[in-house]
Each structure stands twice: as C-alpha cells, then as structure tokens.
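To start, the structure under review is shown below, and the notes come after it.
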Amino acid sequence: MTESTHGRLMRQGLWHNNQALVALLGLCPLLAVTSTVVNGLGLGLATLATLVTTNVIVSAGRPWIRKEVRIPMFVLIIACVVTTIELLMSAHMEALFLALGIFLPLIVTNCAVIGRAEAFASRNPVGHAAMDGFAMGLGFLAVLVALGALRELVGHGTLMRDADILLGPWAAHLEVRLWADYRGFLPAVLPPGAFVGLALLIALKNKLDRLAARRRAGGRGPFAVWRGLDRAPAAERIMTD
C-alpha cells in the first residue's frame with residue numbers, strides 16, 4: 001500500500017466520508033449512548049474493533065464468498081465478531097457493558113459496518129480493507145467522543161465522568177469538574193440534547209468545509225479575516241489608513 005493510499009483512506013474516514021457526519025450512518029447508538037465521554041469512547045472502541053476485524057475477514061474470504069449470498073455472510077461474520085466483543089466486555093468491563101446495554105449487540109445492525117464490508121472490503125485486498133476499517137472506525141469514534149464531551153460538559157459540567165468503568169479503578173481521578181456549583185442541564189443528556197449536539201457538529205464541519213473551499217479558490221480564508229488588514233492588498237490598506 002502506498003503512502004498516498006494510507007493518507008487518502010485516513011482523510012476519507014476521518015473527514016470527507018465520516019460515517020457519522022457525512023454518511024449519517026449508525027446514528028441510533030451514536031445518539032443513545034453519548035451522554036458521557038466514557039460511554040462514547042467505549043462504544044467507539046467496540047465499533048472500531050468490529051470494523052477492522054470484519055473488513056479483514058470479508059476481504060480475506062472474498063474468493064470463497066459467492067455473490068448471491070454475500071450479504072447474509074457479511075451479517076453472519078459481523079454477528080460473530082460483535083458477540084465475541086460483547087462477551088469480552090461482559091467479562092472484563094461489566095459496568096461499561098451494562099451502561100451500553102442493548103446498543104452493544106446492535107452494532108451488528110450498524111449500517112456503517114455492513115456498508116464498509118459491502119462497499120470496500122469485499123472489493124479490495126486485506127491491507128486496504130484493514131486500513132479502511134481503521135480509518136472509518138476512528139472517524140466514528142472521534143464523533144462519539146466529541147458528542148459525548150459536549151453533552152457531558154453541558155449536562156453535568158464534567159469531563160471523563162465514570163472513567164473507572166472503562167479504564168479501571170486507577171482512572172477514577174481522571175474526572176474533571178469544571179464548575180463546582182454547576183447544577184447540570186438535564187436536556188443535554190436526554191435524546192433532544194443528542195440531536196442538537198450532533199446538528200452542531202455537522203454544522204461546524206460544513207462551515208469548515210466551505211471556508212476551506214473558499215481558501216482553495218483564492219478567497220480570504222478564516223484566519224485572514226482574524227488577522228485583519230495585514231493580508232489586504234496594499235492599495236486597500238492605504239485607503240483605509
């Protein structure tokens with residue numbers, strides 16, 4: 001795999017074709033469990049592991065999977081991988097397993113996972129499929145963590161709340177309380193807060209994309225506006241003075 005292929009796949013997964021912000025796939029678990037950073041991180045890691053593992057298996061099994069039965073085979077592979085992850089999490093991270101609840105086994109029906117298996121892994125070699133799964137999973141994980149941080153910050157006034165259920169007892173001190181007397185804002189941790197938070201993230205991405213396109217087209221980028229007149233044409237500066 002060439003360096004440019006690595007970079008292209010990472011850019012697609014993290015930004016240009018982000019499964020949560022662009023493709024808008026897998027939104028049910030994303031909206032449901034991101035009430036805290038830790039919940040988002042736990043589900044994001046499980047989804048990342050599922051994407052990488054299933055992409056590798058699907059790509060490696062391409063010669064033996066007939067086209068007519070490929071979708072049922074993909075679902076069977078994904079279900080086996082998710083069940084394994086679910087059992088491991090139940091055995092070693094029971095508190096997080098209980099917090100994620102039904103949304104952990106529902107990774108099987110995550111459109112982002114089966115979509116990458118069908119659209120990419122079934123048509124590319126193992127190395128490319130693994131990289132695609134990692135990039136797409138990392139992009140999905142980043143959105144889960146960002147949305148969890150936003151909702152937890154507004155809803156509880158904290159960050160990394162209950163970190164010990166994911167990282168162990170030593171991580172209990174990682175919780176950061178930004179305002180000592182903050183009473184919380186309940187709508188932020190309820191489903192309406194998830195929709196509003198995701199909408200803000202999508203709006204932010206679209207805004208950054210438009211600014212980047214404007215900059216590539218030769219216009220004044222966002223930072224030029226902040227710098228004021230130092231990038232304006234000389235004649236314009238003279239007239240302003």
Side-chain angles (χ1 to χ4, degrees), residues 13-14 18-20 25-61 73-117 121 129-152 155-156 158-176 189-191 193-194 197-198:
L14 289 175
N18 187 290
Q19 297 297 282
L25 297 176
L27 295 187
C28 289
L30 183 144
L31 295 170
V33 306
T34 52
S35 57
T36 65
V37 173
V38 172
N39 285 355
L41 183 59
L43 184 66
L45 290 174
T47 307
L48 172 63
T50 303
L51 271 165
V52 174
T53 308
T54 54
N55 269 17
V56 168
I57 296 174
V58 168
S59 178
M73 287 298 297
F74 295 163
V75 174
L76 180 62
I77 292 170
I78 295 169
C80 293
V81 172
V82 171
T83 301
T84 303
I85 293 173
E86 185 181 358
L87 292 175
L88 288 172
M89 189 173 288
S90 175
H92 300 287
M93 292 178 283
E94 186 179 6
L96 181 61
F97 171 77
L98 295 175
L100 296 180
I102 188 63
F103 294 101
L104 185 59
L106 278 181
I107 294 175
V108 175
T109 61
N110 191 321
C111 299
V113 180
I114 195 168
R116 297 319 298 172
M131 192 64 196
D132 177 76
F134 178 75
M136 292 296 170
L138 196 61
F140 193 73
L141 167 66
V143 176
L144 283 168
V145 172
L147 184 57
L150 179 63
R151 295 178 65 192
E152 183 181 342
H156 300 292
T158 62
L159 285 175
M160 294 301 289
R161 182 189 180 117
D162 299 327
D164 55 314
I165 68 174
L166 175 63
L167 303 174
W170 66 270
H173 70 279
L174 293 179
E175 178 179 336
V176 177
V189 295
L190 295 178
L198 181 63

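A distance-only check finds no donor-acceptor pair linking the side chain of R151 to the backbone of H156 [under 3.5 Å]. Looking only at distances, a side-chain donor or acceptor of T83 sits under 3.5 Å from a matching main-chain atom of A79. Looking only at distances, a side-chain donor or acceptor of E152 sits under 3.5 Å from a matching main-chain atom of V37. The backbone N or O of T50 sits nowhere less than 3.5 Å from a side-chain atom of T53 that would complete a donor-acceptor pair. Listed for the N55 side chain is a donor-acceptor partner under 3.5 Å among the backbone atoms of A129.
Considering every non-hydrogen atom in both C111 and L25, the closest pair reads CB-CD2, 3.8 Å. The two atoms that bring M136 and G13 nearest to each other are SD-CA, 3.6 Å, heavy atoms only.
Between V81 and T84, every side-chain heavy-atom pair lies at or beyond the 4.5 Å cut-off. Taking 4.5 Å as the limit, some side-chain heavy atom of F134 sits within range of a side-chain heavy atom of L48. For the pair L144 and L30, the minimum side-chain heavy-atom distance is below 4.5 Å.
Judged purely by distance below 3.5 Å, without hydrogens or angles, the side chains of T36 and R161 never pair a donor atom with an acceptor atom.
Separating the CG atom in L104 from the CD1 atom in I85 is a distance of 8.0 Å, to the nearest 0.5 Å. Here the CZ-CD1 distance, from F97 to I165, works out to 13.0 Å after rounding to the nearest 0.5 Å. Rounding to the nearest 0.5 Å gives a distance of 10.0 Å between CD1 of I114 and CD1 of I77. Here CG of L51 is found 8.5 Å from CZ of F140. Values are rounded to the nearest 0.5 Å. Here CG of L198 is found 6.0 Å from CG of L147. Values are rounded to the nearest 0.5 Å. Note: L87 CG to H92 NE2 = 10.0 Å, rounded to the nearest 0.5 Å.
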Can you list the steps and then say if T47 with L141 is a side chain to side chain contact (heavy atoms under 4.5 Å, CB included)? CA-CA 8 Å; T47 307; L141 167 66; over 6 Å; no
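Of the options V145, T34, V38, I107, a side-chain contact (heavy atoms from CB on, under 4.5 Å) to L43 is made by I107 and by none of the others. A side-chain contact (heavy atoms from CB on, under 4.5 Å) with L166 is found for exactly one of M93, M89, M160, namely M93.
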